[in-house]
Structures are given as C-alpha cells and as structure tokens.
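Quick caveat, the model's predicted, so the values are computed rather than measured. In what follows, chains are A, B, ... by sequence order, proteins preceding strands, each numbered from 1.
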Amino acid sequence: MTPGVELLEGLNPAQKEAVETIDGPLLIIAGPGSGKTRVITHRIAYLVRACGVSPRRIIAVTFTNKAAREMRDRLQQLVGAQADALTVGTFHAFCALLLRREGESIGLPANYSIYDADDQLSLIKQAMELAELEPKRNPPQAIRSVISKAKSLLMDSRGLAQRAETYFEEISARVFHHYEELLARNNAVDFDDLLMKAVLLLQEVSEVRERYQSRYQYLMVDEFQDTNVAQYRLARLLAGDQANICVVGDPDQSIYSWRSADIRNILSFQQDYPQAKTISLEQNYRSTGAILEAAQNLISVNGMRLQKGLFTDNGQGAPLVVHEAYDQEEEASFVLGEIDRLVREESVKPGDCAVMYRVNAQSRALEEACLHRGTKYRLVGGVRFYQRREVKDLLAYLHLLHNPADEVNLSRVISVPPRGIGAKSMQALARWALDQQIPLFTAMQRIAACRSAGEPCPVALPSRAAKAVADFATMVDELIASSANTRIVDLIDQVLEATGLRRHIQSGEDRPDERWENILEFREIAQEYNAEEPADGLATLLERISLVADVDSYEESEESITLITLHQAKGLEFPVVFIVGLEEGLLPHSRSMESEEQLEEERRLCYVGITRAQHHLYLLRAFRRGFMGSTGPTVSSRFLREIPGHLLTAAKREQSVKPASKRSSFGARGPAIDAPPAPMPVRPTLEIGDLVRHSSFGEGVVTDFVASAGDHEVTIQFREDVGVKRLLLSFAPLEKIEG
DNA sequence: TCCTCATAACTTTTT
DNA sequence: GTTATGAGGA
C-alpha cells in the first residue's frame, strides 16, 4: 500500500481532490464548516508522507498565530516529529524572521524594533510637527490609515505623492515622507513595513530570492480572502516559477477590507495563474440546516458575490431564536438565563456557549451580568495584556536595551518613574542631538561622559536635569552590557530594580497589586524564552510579543462561556452562539453605512457570526441601548429582516424577566425625552422583534415581515396556546405595544 | 518638574 | 463611561 494513502480516508470527493492536487497553482473555495483545516493539514501530510516531500520545503501561512499553532498541532498528529521542520506561521511572523536574517542587505539592522499602532501614532505626530501641520485639523489617526493603505499597496511616500487624488492624501504623503525618515532613525518598522520590506528584499536581492524560492517548493496560504496586495505579492515571490501555490479562502468571509485586505486577490490569482485549478468545498459539517439556511439567505442579499451551493447532511435542527430585550442589561441577563437553562435541561456545557458582538464596548454589560450571576466567562480581546501600561513600560525598557536608537520607547520610559527630566529638558536635548547629527541616546551618553570627566555639560540644561540624564544613560548602558549574557528573566528583574519601575508600580496609587500581578505574569511568559541564547532570546521575545494577538492566547475550557467580537470569532465554532446587538448602527455599524461595499462587509461579518454556530443560534437585540454615556431607542437590524421568518422563533415569554414597571415607565407612546432623533428613518410599520397586541389573539412577537401587493404580511408568534399566525397588516386589529 | 483636576472627545473591527 | 489632553498649583 502506498504510504500516506490513509490520509484520504473519510474525505469527500472535493476534499480528496484538493488533497491530491499537489502540483501547480490551486484555488480552494471553502465555505464555512467545510473541513478546510482538515484539507490543509491532510494536504501537507500527504505531501510529506505520500509524495516524499521534505517538510523543510513546505511553508504554510496563516492569518493568526492561533491558527498557525492549531495547524502545527494537527500536523504533529499526522506526521509526528517531522512537523517541526515545516514552516508554519503568519505572514507578519515570517517576514519578521526573514528581515532579521536577511534585512541587512536592504539596509535594515537585525535589531530593529517593531512599532505597534500607538508607537506609530506618536511617530506620526512628530512627523506632523516636522511637516508643520496642525494635529487639530488633520487627525493623525486618519493620516496613519492613509499611510498604512499606501504601504499595503507597496507604495512609499513618493508613490503616494504621485498618486494622491485628494488634498488629504497629499498632506498625508508629506507626513509620510517624514514618518519614513523617523522610522529609519529609530531603526524601527511598523506592521506594514514588515510585509513591504520583505517584498522589497525578495524583489531587489536576487540571491536571497533564489535561495528562498528553491528552499520552499510548496506554499499554502490560508484565509486568502483576507490577504492584502503586499501579502499576495509576497506569496507570489515565494512561489516563484514553480508555482506550487495553494490558496484557500471564502470571499463571503472577507471581513478585513478596512485593513486593506482585498478580495480581488482571488480574481488576480486566477488571472496571474490561468492554469490554476479551482475546487469548491460546499458540504457543511458544522451547522444545522436551519442555521445554514439562515446564513445563506442573509449572504445572498450581497450583490457582488460568487454563488455557492452550500449544503449539509445534518438535520434541520431547532429554529433560530430571536429576542428583543429592553436594554443591554436585560439582553445580557437573557443570554445568561438561557445558558443556565441549556446547561440544566440540555446537557450543554458553559464552554459550548459563545456570545458575539460587534464592538468591544459591548462586553461590559455582559461581563457585569456574569459577575453578578457568578457565571464564569473568558473574555477574548478587550484591553490587551501587552497594551497595559505597566507591561508596556517594561517592554519599552526592553526594546530600548535591544535597540538604543528607538526614541519612541526612550521617550516613553524617560519619566517612568519620574526622575526629574521633563519635557523642556528633553526638547533641549533633542535639538542638540539633531544639531550634532547623533541619536538621542548617544547625546545622553555624551553628557554622562562629560560629567564623569569633569567637563562642562555641552547642552544648556539645569544641573539637576543634566545629572539625571547622565545617571539614566549610565544605568541603561549597564543594562545593555548585562543583556548580552543574562537570562531574560534575570534581565527583567534587573530592569525592574535598576530603573525603579518595581517601586514605582508597587507604591503607586493606581491598583498597585493588580499591576504588579501583570508584571509577574509577563515574567512568567518571558521565562519560556530562557532556553535560547540570551541575546537572541531578547530578540525573539520582543518579536513574538509584537506580533501576537489576544485571540492567540484563547484556550478552551469547559466551565467558562466565551465573550468575543465577531471579528475574532472567525475560524472558531461553538455548539451554542448568541449574537447580541442586532441593531442598526451597531450591526451594521454606523461607520459602515455610507457605502454599499461597507454594508456588504457588515453583512459578511454577521454571516461569519451565524456560521460559527453548530446547534443553537440566538439573535438578540436591545430596545434601548446606552452609547457614550447617554441612552436612546434603537432600530432593529436589517439583517434580521433578511433571514426568512420560518427559520425564526420568538423566545419564550418568561425569559423576559424585567419587572413590568421598568417597561411601562418608559411609556407606550410617550415622547422619548432623552432620546436623540433616530439616525435612520424608522419603518412606519412593524419590524421583526416588535411586540404587538391582537384584539383576540393577545400578545405576540413579530417574527417575519414581507411586503406584498400594496400591503404587508406579518408573521406573529403568539402565546403557545395560540401559536403562529400570518396576518395582513391592513386588516388585522393589531396594536404595537411599545417603541 | 510633577501632579491634580477639569473637560473634551471619542469607540469598529487587528496582524 | 472611558481615556487623552491641558491648565494651574505645589
């Protein structure tokens, strides 16, 4: 028997074909729950075990570190220790490594820093000062986004200046130019640079390109619909003329266009590789028929779309539950109440349940409800660990030790703790450094040298400040010297003591215990890097930390429910899913309602959420929701209307447990005094989720609403003894109960 | 130089 | 209901 042939067992024909097609370009269109990961991992294992390809020659690129880790784990099971020789990682991680090894050939020193969004912003503000632009009139955030878009299209500041179409782009190009220089001076790159410089490197330096092309014979790209132009170019450069490139994606799950992801890459792929084979995986193994049907109906509203015929052999399953809560507190308590009930009555584990939302701010109400009820939960995202102030401060010191040219991190730590070097002194120092054409930190070292030699200070500084600067430079120098031969954890301890950071945190007013806990947690993480060479250990630690997302640290647990944004939920699946906040302005988000493209992306986001569910799906909405301190009534999401009514059912009545007083106090028709005018024209009639009273049937919930021949047909779920009724709006004696 | 208090401005989504 | 910024006082 051919070795590795058992890897094909249990695959459907399309999956099998995808695994066996190993040479030449291959595009796999993989619907949700179609066994995509299985196909990718089996394909790699097949290459290794059946085709005898050395694992060193295979590279698989994923979107998140978590996906990479999962893939590696699965491959370990399929090919054992050989999995270690595979290259599996995110685009950014691969580029970071490539640049650290080969960057010198395009003038990038190996000890470069990676700047995150915050660092970028502070550099952009500096660049704006140099370009003499008012940050008030030109929001730095917006400029950053223009720069980032340009870079993801592989444009530098010259390119942007040439192709600028608006005044704002022209301004941005001017800032961009200074920004590039500042990055170079700080020996730093931003996220987009990782990709752009890697492309530049492979394009310009043929020796390196050929080496990598001949090393990697087989290339796979996961989540291809979320790649941007730079990433796609990189993939093509790596694939070379051999073109054993396999890309896997689903255009309907493209939700990162705001980060310059470009679905058109799928079209480009077919143009760039006309001989490419396309395989569609259409059988869904994850969800019930009802869930899949709802998802398909929703997504089919999108205009620009490749039709797909998803199907499942799973049963129809339970209908989707829609519920309108009074406010976000009641929404949260409904969710938790329902989870309790499922755990009690249907042997569901809390860990099987996930609550998904559009924006992180929505997690607050849910967290509070969990705390109140004693429900264990795991929050994915939120305030990121590495973004916490104390952790970032410590990291900034480590960055400075690794790359003393890094002035963003230098400025960050110069006054943490306060050591008598204020803004004025820093300004004077910076001016002098610029004058002397030396880096800021070198200027500080000069002052230290002058002082110890008893010479006068070359910069006009108050003597206290001059001493403080000299002490600081000496301290950092000592730490740098020590970093070359100290284990990471010991280095961290030295930094905490020498800089006074430990005392600063522990004697601080602001939750000192919690903040110190975070430092200790960071210390734990760093411990894992001890095995490596000390100097290299610092480099890898910093690199890894710069490139991890929070979803990466997500671990499954049986007792805790999961709170997660819709974006982060991509690639995950749960038996029970609650999607909350199905309201106009939230899902779809108000910032995405300007253009049809953005709206379609919101719809895809909703689609991603729905297709995460295996057995039970709940679609929730709050009638009133607070935003930015104030609170106002909401309008039901159009997405609810785009799901056919026969798939939906209203939540059982007793679930809405809020005391009646709260409801009635708002008043059925009374003017909403504190409510801002609704941003969207409210439908003059009824909407899905509305509560109505019928003169003979009693109270009910609208579950469907269709226009028909000059009238509207409403489907209403009444009390259990009455059941579901279809009524024509113009005839039915219906009264809306509220809002 | 550093800290406190007020106010303004804002919140998509993340490698 | 937050977090970033600024003025003014110690």
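Although no hydrogens or angles enter the test, the distance criterion places no donor-acceptor pair under 3.5 Å between the side chain of A/E390 and the main chain of A/N518.
Straight-line distance from the CD atom of A/E597 to the P atom of B/dT13: 22 Å, rounded to whole Å. Protein atom CE of A/M593 is 16 Å distant from nucleotide atom P of B/dT13, rounded to whole Å. When rounded to the nearest whole Å, the span between CD of A/Q362 and P of B/dT11 equals 17 Å. We find that CD of A/E329 is positioned 10 Å from P of C/dG1, with the value rounded to whole Å. What separates CD1 of A/I255 from P of B/dT15 is a distance of 11 Å, to the nearest Å. Residue A/I545 contributes atom CD1, which lies 17 Å from atom C1' of B/dT14 at whole-angstrom precision. Atom CG of A/D226 is separated from atom P of B/dT13 by 17 Å (rounded to the nearest Å). If you take CD of A/Q225 and P of B/dT15, they are 15 Å apart, rounded to a whole angstrom.
Stacking of A/K570 on the aromatic ring of A/Y256 is not recorded, the 6.0 Å distance cut-off and the 45° axial limit not both being met.
Here A/D73 does not pair with A/R69 in a salt bridge; the nearest charged N to carboxylate O distance is not below 4.0 Å. The existence of a salt bridge linking A/R364 and A/E367 is excluded, since no basic side-chain nitrogen approaches an acidic carboxylate oxygen closer than 4.0 Å. With respect to the salt-bridge test (charged N to carboxylate O, under 4.0 angstrom), the residues A/R603 and A/E642 qualify. Checked for salt-bridge contact, A/K36 and A/D250 miss the test: no charged N lies under 4.0 Å from a carboxylate O.
Within residues 89-103 of chain A, the residues approached by DNA chain B to less than 4.0 Å at the level of any non-hydrogen atom are A/T90, A/H92, in residue-number order. Sorted by residue number, the members of residues 187-194 of chain A with any non-hydrogen atom under 4.0 Å from DNA chain B read A/F191.
Among the atoms of the strands shown, only primed sugar atoms or phosphate atoms (P, OP1, OP2) are found under 4.0 Å from some heavy atom of A/R364. Within 4.0 Å (heavy atoms only), A/K151 reaches no atom of the nucleic acid at all.
Between A/K125 and C/dT5 there is a side-chain N or O to OP1 or OP2 distance below 4.0 Å. The side chain of A/N360 places no N or O atom within less than 4.0 Å of a non-bridging phosphate oxygen (OP1 or OP2) of B/dT11. Between B/dT14 and A/Q568, a contact under 4.0 Å exists linking OP1 or OP2 to a side-chain N or O.
Defined by atom type and a distance below 3.5 Å, a donor-acceptor pair is missing between the side-chain atoms of A/R621 and A/S637.
Side chains of A/Y357 and A/L563 form a contact here, defined as non-hydrogen atoms less than 4.5 Å apart. Side-chain contact check for A/D393 versus A/T499: every heavy-atom pair is 4.5 Å or farther apart.
Here the nucleotide nearest the side chain of A/W258, chosen from B/dT15, C/dT5, B/dT13, is B/dT13.
Rounding to the nearest 0.5 Å places CG of A/L160 at 11.5 Å from NZ of A/K151.
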Would you check, one step at a time, whether the test ring-ring contact (aromatic ring centres under 6.0 Å, His included) holds for A/Y607 with A/F639?
CA-CA 10 Å; A/Y607 173 79; A/F639 298 154; over 10 Å; no
Using a 4.0 Å heavy-atom cut-off, write out nucleotides 1-9 of chain B from 5' to 3' as B (base contacted by protein), S (sugar-phosphate only) or - (no contact).
SSS------
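Remark: of the listed residues A/N409, A/N187, A/L542, A/N187 is the sole one forming a side chain to side chain contact (heavy atoms under 4.5 Å, CB included) with A/N403.
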